[in-house]
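Structure record follows, encoded as structure tokens.
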Amino acid sequence: MKKSFFTVAGNRLLAENTYEMVLRGDSSAVKKPGQFVHIALDGFYLRRPISVCDWSEHSITMIYKTVGKGTAYMAGLEEGDRLEVLTGLGNGFDSKKSGNKPLLIGGGAGIPPLYALAKKLMQEQKQVFAILGFNRVDEVFYAEEFASLGVNVIITTVDGSVGRKGFVTDAMEIDMADYTYTYSCGPEPMLKAVYEKAVSDGQYSFEERMGCGFGACMGCACQTKYGSKRICREGPVLEKEEIVW
Amino acid sequence: MKKSFFTVAGNRLLAENTYEMVLRGDSSAVKKPGQFVHIALDGFYLRRPISVCDWSEHSITMIYKTVGKGTAYMAGLEEGDRLEVLTGLGNGFDSKKSGNKPLLIGGGAGIPPLYALAKKLMQEQKQVFAILGFNRVDEVFYAEEFASLGVNVIITTVDGSVGRKGFVTDAMEIDMADYTYTYSCGPEPMLKAVYEKAVSDGQYSFEERMGCGFGACMGCACQTKYGSKRICREGPVLEKEEIVW
Amino acid sequence: MVDTSINLSGLHLSNPIIPASGTFGFGYEFAEIYDINILGSFSFKGTTKEPRFGNAAPRIAETHAGMLNAIGLQNPGIDKVISEELPKLKQVFSKPVIANISGFSLEEYAYCCEKIDKEEQVGIIEVNISCPNVHEGGMSFGTSPESAAAVTKAVKAVTSKPVYMKLSPNVTDIAEIAAACEEAGADGISLINTLTGMRIDLKRKKPILNNVTGGLSGPAVLPIALRMVWEVYKKVSIPIIGMGGVSTAEDVIEMMLAGATAVSVGAANLKDPFASKNIIESLPDAMKELGIKKLTDIIGGAHNA
Amino acid sequence: MVDTSINLSGLHLSNPIIPASGTFGFGYEFAEIYDINILGSFSFKGTTKEPRFGNAAPRIAETHAGMLNAIGLQNPGIDKVISEELPKLKQVFSKPVIANISGFSLEEYAYCCEKIDKEEQVGIIEVNISCPNVHEGGMSFGTSPESAAAVTKAVKAVTSKPVYMKLSPNVTDIAEIAAACEEAGADGISLINTLTGMRIDLKRKKPILNNVTGGLSGPAVLPIALRMVWEVYKKVSIPIIGMGGVSTAEDVIEMMLAGATAVSVGAANLKDPFASKNIIESLPDAMKELGIKKLTDIIGGAHNA
Ligand SMILES: Cc1cc2nc3c(=O)[nH]c(=O)nc-3n(C[C@H](O)[C@H](O)[C@H](O)COP(=O)(O)OP(=O)(O)OC[C@H]3O[C@@H](n4cnc5c(N)ncnc54)[C@H](O)[C@@H]3O)c2cc1C
Ligand SMILES: Cc1cc2nc3c(=O)[nH]c(=O)nc-3n(C[C@H](O)[C@H](O)[C@H](O)COP(=O)(O)OP(=O)(O)OC[C@H]3O[C@@H](n4cnc5c(N)ncnc54)[C@H](O)[C@@H]3O)c2cc1C
Ligand SMILES: Cc1cc2nc3c(=O)[nH]c(=O)nc-3n(C[C@H](O)[C@H](O)[C@H](O)COP(=O)(O)O)c2cc1C
Ligand SMILES: Cc1cc2nc3c(=O)[nH]c(=O)nc-3n(C[C@H](O)[C@H](O)[C@H](O)COP(=O)(O)O)c2cc1C
Ligand code: FES
Ligand code: FES
């Protein structure tokens with residue numbers, strides 16, 4: 001974990017209520033896809049946890065949905081604004097477990113961390129499939145970005161306005177077969193549906209309301225088959241086999 | 001009273017811990033010298049009351065001393081920053097009572113409202129005298145500004161580093177004689193000393209911690225010979241004869 | 001069109017917003033800047049039998065997301081309120097007003113309520129029992145179920161207007177006290193009054209407030225107020241005027257979901273003179289955003305979930 | 001050079017800063033980012049007889065200038081704390097630590113304290129009496145002088161270490177409870193624990209916390225904490241560990257002027273992992289600014305003014 005200041009280098013609307021923010025600063029604490037940062041916002045007591053979508057030596061990219069006052073405040077930030085951020089939080093995904101043909105399944109605001117994971121897996125020469133689920137065409141983002149990495153991308157929308165009509169799990173059934181591993185991030189009902197449908201082992205990334213974000217308060221603890229785990233520290237990524245719903 | 005937004009048009013260090021801030025905006029509610037504005041500051045629950053030092057149709061000038069967190073925050077504001085301000089508060093000084101040879105006595109952060117008053121009195125063709133008291137030469141501000149209005153200015157400093165050594169009341173005794181009226185603003189001990197020394201009637205401007213600043217909460221009420229008065233509404237200027245120490 | 005109206009002990013209010021006692025004076029200061037007839041109602045400055053100047057200055061201190069006040073119930077006394085303030089108020093406010101009454105003995109409470117009972121302008125009497133009981137060692141009437149019930153009975157005996165008991169949050173079990181008031185005949189409960197707090201001036205190394213302690217209010221206390229409204233709603237069946245830290249239309253909705261039928265806005269009026277107006281004006285949009293058609297539908301709504 | 005050291009029941013602390021129980025875990029997370037030996041001491045996560053998972057999520061909600069928590073005393077149980085946590089802690093913290101103990105019956109409190117009494121690493125036992133008493137209808141031990149005194153006695157009987165009773169602020173008269181603890185043999189008083197509050201999720205129209213209510217802490221509660229420390233200081237003569245909303249060196253000084261001998265920092269550590277370090281490092285400058293040479297000189301200083 002590192003606490004440092006970042007400068008907003010970009011903050012653009014990607015899709016309905018969905019923004020991509022690029023932060024310039026010291027990203028040295030970020031080690032793995034699936035980790036998150038914890039952002040202090042003026043006038044809000046608690047920080048906001050946001051997944052690292054991508055990073056380079058001096059920048060971090062995040063994608064966030066405006067769901068409340070904090071994310072709305074973030075949407076109003078402009079290039080040059082400064083943010084105090086904790087970086088390098090969470091365990092992240094383990095790309096080593098993927099096998100040859102990993103399947104990434106993301107829903108809405110759960111998609112961003114899968115992007116850095118996909119990048120890593122492609123670097124590791126895997127044949128990567130990604131099912132990205134949205135409600136409507138207006139919400140779709142990063143389909144091309146995944147595709148340009150060389151990922152086989154399947155889009156699903158609940159209303160069928162683009163891609164396959166239905167849920168991500170419908171695409172799992174119909175479009176996929178011999179995937180070796182599952183990586184998933186999205187709303188809890190989606191994670192559960194994926195968990196139930198998945199024929200492979202996998203890693204699932206969870207969200208929880210956080211106090212500290214670095215393991216001090218027990219605010220984010222959840223039960224697993226191997227005892228209590230803190231989503232901010234032993235998570236947000238849990239192994240399929242340990243999950244208790 | 002009016003609530004509106006102002007833009008900082010200038011914010012410069014005048015003297016030790018003393019700043020002059022010019023605000024651009026609708027000053028139409030300001031009617032009299034001695035009135036004050038009530039400034040909302042980000043991150044502070046209560047507003048900060050500051051006297052109007054000068055005003056024109058589209059601007060208000062204030063001079064403030066950094067004594068705590070709110071005024072320190074103000075000192076950090078820059079040209080272009082926006083402030084939400086209540087204007088037109090307080091009764092202000094009554095220039096009509098001055099007679100021909102009014103004496104203005106101000107101490108430190110109590111001097112600013114006397115500037116607008118001096119301007120008004122000069123416009124009304126009075127022969128204006130002002131005793132401006134400071135602790136040290138480093139704190140002195142606006143001596144020339146008063147002088148350029150045509151005011152006869154006497155500076156006092158407690159340590160004698162400039163002007164007459166001593167308190168404003170020392171100058172009253174030695175330098176002045178036939179003043180027709182006293183207008184005074186400054187720390188309460190100074191007001192009391194002036195009150196005791198003054199041979200004329202006069203108006204004295206008081207400070208009090210405020211809740212609302214516009215008469216709703218009774219937070220600033222004080223006892224006078226004519227009953228309770230709210231410093232923010234029936235004050236900050238009280239008549240000499242009504243003051244109860 | 002959404003419906004913001006509510007019913008409070010038979011009074012029809014066009015919206016649930018009631019500026020809180022002590023933060024709206026007798027309405028004139030606000031009537032100068034907007035038409036206060038847009039308010040559901042308002043609760044006037046706490047009034048006592050005798051005129052009171054209150055505490056010496058300083059009476060106000062700033063806190064994080066809030067403020068302390070130690071006004072000490074400054075008011076012109078019940079007789080002057082009736083003879084001077086109410087007639088003046090009539091010229092700017094045509095709706096029934098809430099009369100906030102304080103006292104330091106049962107007799108004082110009864111005296112004021114009996115007098116105010118005759119005033120047509122008054123729709124509800126709100127009885128502030130946070131004041132110290134001079135006859136019983138200075139503990140506030142609001143700190144025990146017995147003394148709270150005693151005030152309720154004393155007041156109910158002399159008025160036919162609805163009586164709302166305004167409770168102090170500085171207690172171990174506020175629901176127990178609310179229940180005692182209900183049992184004693186109260187028509188409703190107002191809560192919360194301010195939480196006792198203090199600040200110290202670091203330079204002078206002494207308390208900022210001349211009175212040493214004062215009452216904390218503002219957004220800082222909202223979670224405590226919500227919890228107390230929640231607990232009282234569970235315990236009593238009379239309506240609640242909820243307050244404590246409410247500053248936005250969303251806060252109003254949160255307070256009603258916790259169990260309030262109407263909502264008072266206090267310190268927010270001091271921070272921003274237009275606060276109550278802004279809340280009233282943004283309430284319909286906030287309701288639409290949350291899919292609320294009729295405000296009365298959500299009273300206590302979070303209890304069913 | 002200013003002197004920041006204090007003495008707490010015979011323990012010499014190089015400064016009065018004690019991260020508060022539940023906000024510093026067992027220290028490791030912080031030891032990774034700074035040398036925690038700069039702390040005066042710290043109070044470890046509330047420990048009970050049996051291991052506890054605590055409440056279901058969500059356990060955290062944001063408030064204005066503060067937060068709610070409903071952790072529900074998650075801890076590995078006293079035996080594991082002694083066998084696993086303390087030895088690990090020893091590697092990163094060489095000073096005496098404060099053992100925070102909770103329980104749901106007198107027996108549980110006594111059990112834990114008797115066990116921890118044998119641990120050399122422990123300098124002070126801080127007994128949290130905000131927990132509900134399972135044998136008496138679930139009211140917290142800290143809500144009556146009698147039950148607070150009963151816990152004090154039960155604990156004092158089994159340990160020779162200094163015992164600090166940690167009081168709940170959710171009471172009518174906290175000084176009375178502190179006095180009962182002193183009378184029962186307590187060596188010091190810690191206050192305040194969190195204030196019970198709640199928030200409601202407007203979209204889901206139900207409480208945010210799975211537990212419905214949680215404990216409010218952070219800057220919002222500072223004025224209440226100061227008032228309670230002030231009242232307790234007036235009533236008892238044993239030392240006070242003051243806490244509630246402390247986030248800066250100035251807050252520490254304010255707390256000590258109110259009567260605290262040492263000062264705990266809670267939520268601030270969660271908001272900023274370096275908070276306690278920053279406070280310790282800025283304390284000397286803050287003292288100089290205010291003309292304070294020796295920190296112990298100002299304990300209760302605002303009472304003399
Ligand atoms: C590890 C992790 C990674 C995340 N990554 C992303 C991401 O990449 N993109 C994205 O859009 N969102 C992400 N989220 C969710 C994001 O944190 C919330 O949407 C955000 O905190 C909402 O803040 P708000 O002020 O807008 O909402 P409000 O509802 O006003 O927030 C109130 C409080 O609740 C908390 N909160 C509300 N919703 C959530 C939630 N779903 N998870 C955790 N805390 C919540 C807030 O942090 C705040 O403390 C992630 C959450 C976690 C735990
Ligand atoms: C009518 C009026 C006119 C004023 N005009 C001027 C002026 O022209 N120039 C100037 O430098 N100062 C003026 N003051 C004083 C100025 O308001 C305070 O210095 C300022 O509020 C301090 O704020 P702070 O946050 O820096 O101090 P803090 O001590 O951190 O403030 C804490 C709280 O106390 C209040 N407070 C502290 N000191 C005072 C005070 N002396 N008077 C009223 N409230 C106080 C603050 O407003 C705030 O609510 C005036 C005060 C009043 C009442
Ligand atoms: C300046 C001030 C004066 C108050 N005076 C009274 C009063 O006279 N009678 C009363 O019942 N409550 C009084 N209160 C309490 C408020 O009516 C309200 O209960 C409390 O402030 C909580 O609401 P808030 O957080 O919105 O301010 C006063 C509050 C403030 C801030
Ligand atoms: C997340 C969290 C967990 C806490 N757990 C405990 C605990 O286990 N035992 C205890 O005595 N107090 C506990 N507390 C209370 C704190 O020790 C402290 O008394 C309170 O938070 C007030 O201080 P603050 O405002 O600085 O946070 C906890 C507080 C928080 C925020
Ligand atoms: S959020 Fe504090 S332990 Fe995870
Ligand atoms: S500050 Fe509210 S009445 Fe003067």
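Computed from heavy atoms alone, side chains included, the values below leave out hydrogens, waters and symmetry copies.
Between the side chain of T172(D) and the backbone N or O of T143(C), no donor-acceptor pair lies under 3.5 Å.
Considering only heavy-atom pairs separated by less than 4.5 Å from chain D, the leading option among N170(C), I174(C), I298(C), L222(C) is N170(C). For the set G66(C), S168(C), P219(C), the count of heavy-atom pairs under 4.5 angstrom toward chain D peaks at P219(C). Comparing H64(D), E254(D), M255(D) by heavy-atom pairs within less than 4.5 Å of chain C, the highest count is held by E254(D).
Among residues 223-231 of chain D, the residues having any heavy atom closer than 4.5 Å to a heavy atom of chain C are, in sequence order, P223(D), I224(D), L226(D), R227(D), W230(D). Chain D is approached within less than 4.5 Å, heavy atom to heavy atom, by L290(C), I292(C) from residues 280-292 of chain C, ordered by number.
For a residue to count as touching a neighbouring chain, one of its non-hydrogen atoms must lie under 4.5 Å from one of that chain's; by this rule L202(C) touches chain D with backbone and side chain alike. For a residue to count as touching a neighbouring chain, one of its non-hydrogen atoms must lie under 4.5 Å from one of that chain's; by this rule T63(C) touches chain D with the side chain only. Contact of L216(D) with chain C is made through the side chain alone, with heavy-atom distances under 4.5 Å. Contact of V221(D) with chain C is not made at all, since no heavy-atom distance falls under 4.5 Å. Using a 4.5 Å cut-off between heavy atoms, T213(D) touches chain C through its side chain atoms alone.
Contact between A220(D) and A220(C) at its shortest, heavy atoms only, is CB-CB, 3.7 Å. Of all heavy-atom pairs spanning A302(C) and P207(D), the tightest one is O-CD, 3.7 Å.
For the atom pair CD1 (I200(C)) and NE2 (H303(D)), the distance works out to 7.0 Å, reported to the nearest 0.5 Å. The line from CZ of R199(C) to CG of L257(D) is 11.5 Å long, rounded to the nearest 0.5 Å.
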